J.: 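I have a structure I would like to understand better, so I am pasting it below and will then ask my questions one at a time.
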Amino acid sequence: MPSPQLPSDMPKAYDPAQVEDAVYQAWLDSGYFSPDNLPGERAESFCTVFPPPNVTGVLHLGHALENALMDAMARYQRLRGKKVLLVPGTDHAALPTQAKVEKLLIKEGMENPRKELGREGLVAKIREFAEQSRSTILNQVQKMGTSCDWSRLAYTFDDQRNVAVKELFCRMYADGLIYRGYRVVNWSVKGQSTSSDDEIEYVERPAKLYTFKYGPDFPITIASTRPETKLGDTAVAVHPADVRYQSYIGKTFTVDVGALKPLEIKIIADEGVDPAFGTGALGVTPAHSPIDFAMYEKQKAKSDPIALIPVIGQDGRMTEAAGPAYAGLTTEEAREKFVVWLSAHSLLEKEEEIVQNVGTSDRYGDVIEAIPMTQWWLDVTKVIPSRGKSLRDLMREAVTTGLDGDPAKKVTITPDRFTKMYLERVENLRDWCLSRQIWWGHRIPAWYHGDEMRVGVEAPEGEGWEQDPDTLDTWFSSGSWTFSTLGWPNQTQDLKEFHPTTWIQMGYEILYLWLMRMILMSAYALEEVPFKDAYIHGILRDQHGKKFSKSSGNGIDPIEVINQYGCDALRLSVMMSISPGNDSRYYTEKIESGRNLVNKMWNISRFVLTSVEDVKRVEQAEAKTLADRWILSRFSGVTEKVTMLFERYDFSLATEVLRDFTWNEFADWYLEIAKIQRANPDLQKNTDAILLFVLERLLVLWHPFMPFVTEEVWKRFGADLPLIVQPWPETSTLVRPDAEAEAAFETVQQLVTAVRNLRAEYKVEPSREVSLIVQTNSPALVEEQAEIIRHLARVGSLEVRTEGEKLPDAASAVVGGMQVYLPLAGLVDAIKERQRLEKELESAATYVSSLEAKLANAEFVSKAPASVVDDMRRKREEAAAKAAALAEQLKNL
RNA sequence: GGGCGCUUAGCUCAGCUGGUUAGAGCGUCUCGUUUACACCGAGAAGGCCGGGGGUUCGAGCCCCUCAGCGCCCACCA
């Protein structure tokens, strides 16, 4: 156990570099990051998991925010006496990581890494990179002070997670939810892989819209920005009610546009066509447009099929089917050539410049081509045999009624507006393309032998089975993260105890990618929600509001910030000014402000610990003076408020409330008063005990936000257990909020401030000795607090009286009905002083009459709640008293 | 095209289900070498809460409308 350290080892300025590593190491050694080792009875569990950072690089400031949030929450819950598990982990980030490493290899001079290295060689390279990145990340997480259980460290690509992924895949396949199908996919030519709908980024681009006919005898004009795809058209769709085209519906026209075979274009009716747009007719290319493919499927279902002709290949070039003139050309070349041909045959009617949204691959950056391929899909609408509902139904239930209508199985999203966004997305969800043609990832557990296919956790018995070369979308593994990290598919103790997890935090940018899939997976596999509460935060931007990114070179390394300012300062700076779901900006000033606050806390501690006679823990503090009563009452109020704010996930307001108490009340007033009380034998009685009592508990309240400095100070109390496992202040051990003491002390504060104000206004030399005269009908408070008032207001003598008297050379003010006079011979200009007081009296009178007007309003008095009316009456009394005092002061001038 | 968010002090932002004369941090100005802290102390200035309309005894907060900024979704071919 740590022995009490002498406070003399506390330097004037807190130096985080001197303490952070050692403190973190001590936490690690204590074992308290693990729920299994926590001291005391802990009936309730609390679990949250990392949104696992991608091993594509190092952590940035956004991760610092995430770590700060989840660690603050975990520490708070631990202090509240819960059995806390914060699960750390990283994400192999299949496609992003492979894309990144391929890019690096190409930069190093390799032309085609996949070809040159082969599957195993490339995977080895990626693994090397990922491991490097992973260990850097885990190091950074430690630097950020995160109190996660390292014994449960997980990785989306480790053996345990691979078991979970395979198991999940096989169950879904057995339930008929996963199928292999020939459909239009999002294809990245550069990446030579599919991607999901969620990983496409739409970019605005200028494009040309061509209006043309397939041939001179074709009756309908169509338009397209991709005329080269028209070489694969097999239909023209029109609105069923469009009178212009009624007579053509159902007919087929043969046109020769230069494709390998003449095109058979069937005129079909489709509700989705907007008759008002363009010509009201849409050339249908089932092979190269998801919408057209949907029409193709619809026609098939209607037994009125149309053909599907792929004219663009996986290499991004035109296929044989596009015709001898086009085969082998890039799409751009083919487009140009086709437009020339249309023009030459007088088929081109119009050519307009438009702005178009083009889907691009968010990792490879190239334009996504729609290409039909056989891939693995997850059906979100098919009914799950044992459940009688679809994945979509489950995803909907999870945030509305709770799974199976059970409110206990409900996810609550904060802020609520994201629930709406989520639901809207759920309703429009399409089948999820699961397979990727990259190598870094969980390989699809399907094996082929000739025409036979088997899906299973293990390879089938016998010779000649070849595993599917494709890998799974990375979100398939991260979707199962809340339970795969707890041991699923094994029915572990962890799973029983910690799932559903209690809470999770994440940025809104992964709401669809991750939150949604976690709900899907967990609802399917466990019939449970993955977490009860989801706290959604915004993006941390730079000071100009721009997103941090490598390409714009505005990145800030959190470790450098920590080295310069300390981890606590970083944590505060990112948490102090956020509100749920909203973006925030990072400023150097903010981190300085955080650093200053940490240093303030350090110096408050330094003062208390060095000035008290005996550093010890104080179980109960007894107030002897008004200031004592005030600070204890305030501390109770603050504790209650901070607790409530934590429960509401209002981290930023919690820090504000704490900061205000710490700096503006405890430090600025009580510490100064403590000095006075100690110097006076009549007052000193309990000052030390109260200082220690408040400091000890204040360290606890601050611990979630500034874990290092608070733990470092805590050592000096010589307690058996470190701060991280101390109890949160119990309301029962604190005094009851004492409104009377707070009000009385506030009057003293106002009196002191008024005197300071007058001194500043009249530019009284600091060295000049002044005396203070307070005229009041109820002199008791001022008389009792005279010592404190004299010291804090820096006045030599204090006279309290009840009768008025002329004071021509005095500066004056009114505080809570009391008249305050500061005789300042030679400094006070009687005329100016009169004007000042008159102005004040006027504004006071205006205020009184505004209050009186409200109170005279019968409707207000009858309709407003009694408390509001009473409040208003009290205010009127106070304001009237102030006005009366000012009037009397004017007489005394 | 649909949806969401934002617009409050010079800057960055709070402001819970409508109820004081609207708050904080930073910045600015004035003063200060007080034995916890200059990473500090004391004091001050600074806001028709984007515009307009409405509901209400009462609106920064609710409703309508307009404007600007940002984001998400759909992609009109």
Side-chain angles (χ1 to χ4, degrees), chain A residues 7 10 12-14 202 209 222-226 237 272-274 276-285 289-292 354 356-359 415 417-418 420-421 424-425 428 508-509 511-512 538-539 543 545 565 569 576-579 581-590 592-611 644-645 648 650 652-653 656 659-660 667-668 671-672 675 752-753 756-761 763-766 791-792 794 843 846-847 850-851 854 857-865 867-869 871-872 874-875 878-879:
Chain A
M10 295 180 80
K12 271 176 113 156
Y14 172 61
Y202 288 91
L209 179 65
I222 56 153
S224 175
T225 53
R226 298 283 309 268
V273 179
D274 178 3
F277 184 85
T279 61
L282 165 66
V284 181
T285 323
S289 152
I291 291 183
D292 297 4
I354 61 158
Q356 198 192 20
N357 258 340
V358 187
R417 65 186 145 95
F418 290 107
K420 244 168 101 182
M421 285 176 65
E424 203 185 298
R425 180 62 169 237
N428 296 314
Y508 60 70
E509 75 275 15
L511 190 75
Y512 301 141
I539 295 171
Q543 56 175 324
Y565 295 96
M576 258 168 30
S577 59
I578 55 164
S579 62
N582 292 334
D583 294 351
S584 60
R585 299 187 191 193
Y586 179 86
Y587 273 83
T588 312
E589 287 88 341
K590 282 187 190 171
E592 281 173 357
S593 161
R595 190 257 329 254
N596 295 352
L597 177 55
V598 169
N599 190 57
K600 191 74 186 180
M601 195 59 217
W602 174 257
N603 270 291
I604 288 170
S605 309
R606 183 165 174 258
F607 169 76
V608 173
L609 298 177
T610 51
S611 67
M644 186 262 284
L645 291 169
R648 268 186 12 202
D650 199 334
S652 131
L653 205 49
E656 208 177 306
R659 182 191 200 279
D660 185 52
D668 286 349
L671 258 52
E672 294 309 314
K675 293 174 192 170
V752 169
T753 303
R756 288 169 172 171
N757 183 353
L758 289 175
R759 290 185 70 131
E761 197 167 327
K763 302 203 188 309
V764 181
E765 297 277 320
H791 277 89
L792 294 180
R794 301 197 169 280
S843 86
T846 312
Y847 183 43
S850 85
L851 291 170
K854 278 179 198 165
N857 183 339
E859 274 194 291
F860 169 69
V861 177
S862 65
K863 286 186 182 166
S867 64
V868 174
V869 178
D871 241 33
M872 195 77 77
R874 189 179 48 74
K875 263 172 244 157
E878 281 169 14

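These numbers were taken from a predicted model, which means no experiment stands behind them. Per chain, numbering begins at 1; letters A, B, ... match sequence-line order.
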J.: Checking all strands, does A:Leu653 fall into the base, sugar-phosphate, or nothing category for heavy-atom contacts under 4.0 angstrom?
T.: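 Touches sugar-phosphate only.
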
J.: When you measure from the side-chain N and O atoms of A:Lys600 to the phosphate of B:G41, is any distance below 4.0 Å, counting only OP1 and OP2?
T.: yes

J.: Do A:Glu672 and B:A36 have a side chain to base donor-acceptor pair shorter than 3.5 Å?
T.: yes

J.: Under 4.0 Å from OP1 or OP2 of B:A42: is there any side-chain N or O of A:Asn757 that close?
T.: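 Looking at the OP1 and OP2 atoms of B:A42, neither is under 4.0 Å from any side-chain N or O of A:Asn757.
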
J.: Which whole-number value in Å describes the distance from A:Leu792 CG to B:G43 P?
T.: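 Nearest whole value for this atom pair: 11 Å.
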
J.: If I take atom CZ in residue A:Arg794 and atom C1' in nucleotide B:G32, what distance separates them, rounded to the nearest angstrom?
T.: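 Spelled out: CZ on A:Arg794 to C1' on B:G32 is 10 Å.
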
J.: With P as the reference atom in both, quote the distance from B:G52 to B:G60 in angstrom, rounded to an integer.
T.: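 These two P atoms come out 13 Å apart once rounded.
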
J.: With sugar-phosphate meaning primed atoms plus P, OP1 and OP2, does A:Ala858 contact a base, only sugar-phosphate, or nothing at under 4.0 Å between heavy atoms?
T.: nothing

J.: Kindly indicate whether the side chain of A:Glu424, heavy atoms from C-beta on, has any atom under 4.5 Å from the side chain of A:Met421.
T.: no

J.: What residues, two or more places apart in sequence or in another chain, satisfy ring pair (Phe, Tyr, Trp, His ring centres under 6.0 Å) together with A:Tyr14?
T.: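 Here the qualifying residues are A:Trp602.
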
J.: Using Watson-Crick or G-U wobble pairs with both distances under 3.5 Å, give me RNA chain B in dot-bracket, 5' to 3', with [ ] for crossers and | for pairs to another strand.
T.: (((((((..((((.....[...)))).(((((.......))))).....(((((..]....))))))))))))....

J.: Restricting to salt bridge (Lys or Arg N to Asp or Glu O under 4.0 Å), what partner residues turn up for A:Glu878, sequence neighbours left out?
T.: A:Arg874

J.: Choose from B:C37, B:A77, B:A74 the nucleotide whose nearest atom is closest to any side-chain atom of A:Ile354.
T.: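 Closest of the options to the side chain of A:Ile354: B:A77.
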
J.: Taking donor-acceptor contacts at under 3.5 Å, does the side chain of A:Asn357 reach the base of B:C75?
T.: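 Donor-acceptor pair under 3.5 Å: yes.
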
J.: What residues, two or more places apart in sequence or in another chain, satisfy salt bridge (Lys or Arg N to Asp or Glu O under 4.0 Å) together with A:Arg759?
T.: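 Not a single residue meets the salt bridge (Lys or Arg N to Asp or Glu O under 4.0 Å) criterion with A:Arg759.
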
J.: Protein within reach of the bases, or only the backbone? For nucleotides 1-10 of chain B, mark each nucleotide 5' to 3' as B, S or -, using heavy atoms under 4.0 Å.
T.: --SSS-----

J.: Could you walk me through whether A:Arg756 and A:Arg794 pass the side-chain contact (heavy atoms from CB on, under 4.5 Å) test, one step at a time?
T.: CA-CA 8 Å; A:Arg756 288 169 172 171; A:Arg794 301 197 169 280; over 6 Å; no

J.: Rounded to whole angstrom units, what separation is found between the CD1 atom of A:Ile539 and the P atom of B:C13?
T.: 13 Å

J.: Suppose you measure atom P in B:C48 against the same atom in B:A36; what distance do you get, rounded to whole Å?
T.: 43 Å

J.: Below the 4.0 Å mark, does B:C13 have OP1 or OP2 next to a side-chain nitrogen or oxygen of A:Arg585?
T.: yes

J.: From the set B:C13, B:C37, B:C11, return the single nucleotide nearest to any side-chain atom of A:Tyr587.
T.: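 Side chain of A:Tyr587 sits closest to B:C11.
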
J.: Quantified in whole Å, what is the C1' atom distance between nucleotide B:G18 and nucleotide B:C57?
T.: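 Here B:G18 and B:C57 have their C1' atoms 12 Å from each other.
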
J.: Considering only B:C31, B:A36, B:G43, which nucleotide approaches the side chain of A:Pro766 most closely?
T.: B:C31

J.: Taking atom C1' of B:G43 as reference, at what distance in whole Å does atom CG of A:Asp668 sit?
T.: 13 Å

J.: In whole Å, what separates the P atom of B:C37 from that of B:A42?
T.: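 About 15 Å, rounded to a whole number of Å.
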
J.: Taking the C1' atom in each of B:C61 and B:C6, what is the distance between them to the nearest angstrom?
T.: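 Each nucleotide's C1' atom is 15 Å from the other's.
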
J.: Locate the shortest heavy-atom distance separating A:Lys854 from A:Phe860; write the atom from each residue and the value.
T.: O-CD2, 3.2 Å

J.: One pair to check against side-chain contact (heavy atoms from CB on, under 4.5 Å): A:Asp650 and A:Met644. What are the steps and the verdict?
T.: CA-CA 9 Å; A:Asp650 199 334; A:Met644 186 262 284; over 6 Å; no

J.: If we take the P atom in both B:U17 and B:U34, what is their distance in whole Å?
T.: 47 Å

J.: Not counting sequence neighbours, which residues clear side-chain hydrogen bond (donor to acceptor under 3.5 Å, both in side chains) with A:Tyr508? List them please.
T.: A:Asp583

J.: Quick one: label A:Lys675 by what it contacts on the DNA or RNA (base, sugar-phosphate, nothing), any heavy atom closer than 4.0 Å.
T.: base

J.: I would like to know whether A:Met576 and A:Leu597 meet side-chain contact (heavy atoms from CB on, under 4.5 Å); could you show each step before the answer?
T.: CA-CA 11 Å; A:Met576 258 168 30; A:Leu597 177 55; 4.2 Å; yes

J.: Classify A:Asn428 by what it touches in the nucleic acid, base, sugar-phosphate, or nothing, heavy-atom distance under 4.0 Å.
T.: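 Result for A:Asn428 = nothing.
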
J.: B:A36, B:C39, B:C75: which one has an atom nearest the side-chain heavy atoms of A:Ala13?
T.: B:C39

J.: Quick one: list whatever passes side-chain hydrogen bond (donor to acceptor under 3.5 Å, both in side chains) with A:Thr846, sequence neighbours left out.
T.: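 Partners of A:Thr846 under the side-chain hydrogen bond (donor to acceptor under 3.5 Å, both in side chains) test: none.
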
J.: Output all residues satisfying salt bridge (Lys or Arg N to Asp or Glu O under 4.0 Å) with A:Lys863, sequence neighbours left out; order by chain, then residue number.
T.: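 Partners of A:Lys863 under the salt bridge (Lys or Arg N to Asp or Glu O under 4.0 Å) test: A:Glu859.
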
J.: Of all residues at least two apart in sequence or in a different chain, which pass the side-chain hydrogen bond (donor to acceptor under 3.5 Å, both in side chains) check with A:Thr753?
T.: none

J.: Between B:C37 atom P and A:Leu609 atom CG, what is the distance in whole Å?
T.: 14 Å

J.: Partners of A:Glu672 by salt bridge (Lys or Arg N to Asp or Glu O under 4.0 Å), sequence neighbours excluded?
T.: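 So A:Glu672 forms a salt bridge (Lys or Arg N to Asp or Glu O under 4.0 Å) with A:Lys675.
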
J.: Check whether any side-chain N or O of A:Arg595 sits under 4.0 Å from OP1 or OP2 of B:C39, and answer yes or no.
T.: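 It does not, given that no N or O in the side chain of A:Arg595 lies less than 4.0 Å from OP1 or OP2 of B:C39.
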
J.: When all nucleic acid strands are considered with a 4.0 Å heavy-atom cut-off, which category describes A:Leu597: base, sugar-phosphate, or nothing?
T.: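 A:Leu597: no heavy atom of the nucleic acid under 4.0 Å.
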
J.: Measure from the side chain of A:Ala760, starting at C-beta and using heavy atoms only, and say which of B:G43, B:A36, B:A74 lies closest.
T.: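 Selected nucleotide (nearest to the side chain): B:G43.
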
J.: To the nearest 0.5 Å, how far apart are OG in A:Ser652 and CG in A:Asn582?
T.: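 Going from the OG atom of A:Ser652 to the CG atom of A:Asn582 covers 10.5 Å.
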
J.: Nearest to the side chain of A:Tyr512, heavy atoms from C-beta on, is which of B:C73, B:A36, B:C39?
T.: B:C73

J.: Under the rule for side-chain hydrogen bond (donor to acceptor under 3.5 Å, both in side chains), what residues qualify as partners of A:Gln356, not counting sequence neighbours?
T.: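 Applying side-chain hydrogen bond (donor to acceptor under 3.5 Å, both in side chains) to A:Gln356 gives A:Thr225.
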
J.: When the P atoms of B:C29 and B:C69 are compared, how many Å lie between them, rounded to an integer?
T.: 34 Å

J.: Give A:Phe418 one of three labels, base, sugar-phosphate or nothing, depending on what nucleic acid heavy atoms sit under 4.0 Å from its own.
T.: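 Here A:Phe418 touches no strand at all.
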
J.: Scan A:Thr279 against the nucleic acid and name what it touches under 4.0 Å (heavy atoms): base, sugar-phosphate only, or nothing.
T.: nothing

J.: Using heavy-atom distances to pick each residue's nearest nucleotide on RNA chain B, tell me which of A:Tyr508 and A:Glu859 is more 5'.
T.: A:Glu859

J.: Between protein and nucleotides 16-26 of chain B, map the contacts as a letter string: B base, S sugar-phosphate only, - none, heavy atoms under 4.0 Å, written 5' to 3'.
T.: B--BBB---SS

J.: Any base atoms under 4.0 Å from A:Asp274, or only sugar-phosphate, or nothing? Heavy atoms, all strands.
T.: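 The residue A:Asp274 makes base contact.
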
J.: With rounding to the closest Å, how many angstrom separate the C1' atoms on B:G27 and B:G53?
T.: 37 Å

J.: Rounded to whole angstrom units, what separation is found between the CG atom of A:Asn603 and the P atom of B:C40?
T.: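 Computing the A:Asn603:CG to B:C40:P distance gives 10 Å.
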
J.: Across the strands shown, which category fits A:Arg759 at heavy-atom distances under 4.0 angstrom: base, sugar-phosphate, nothing?
T.: nothing

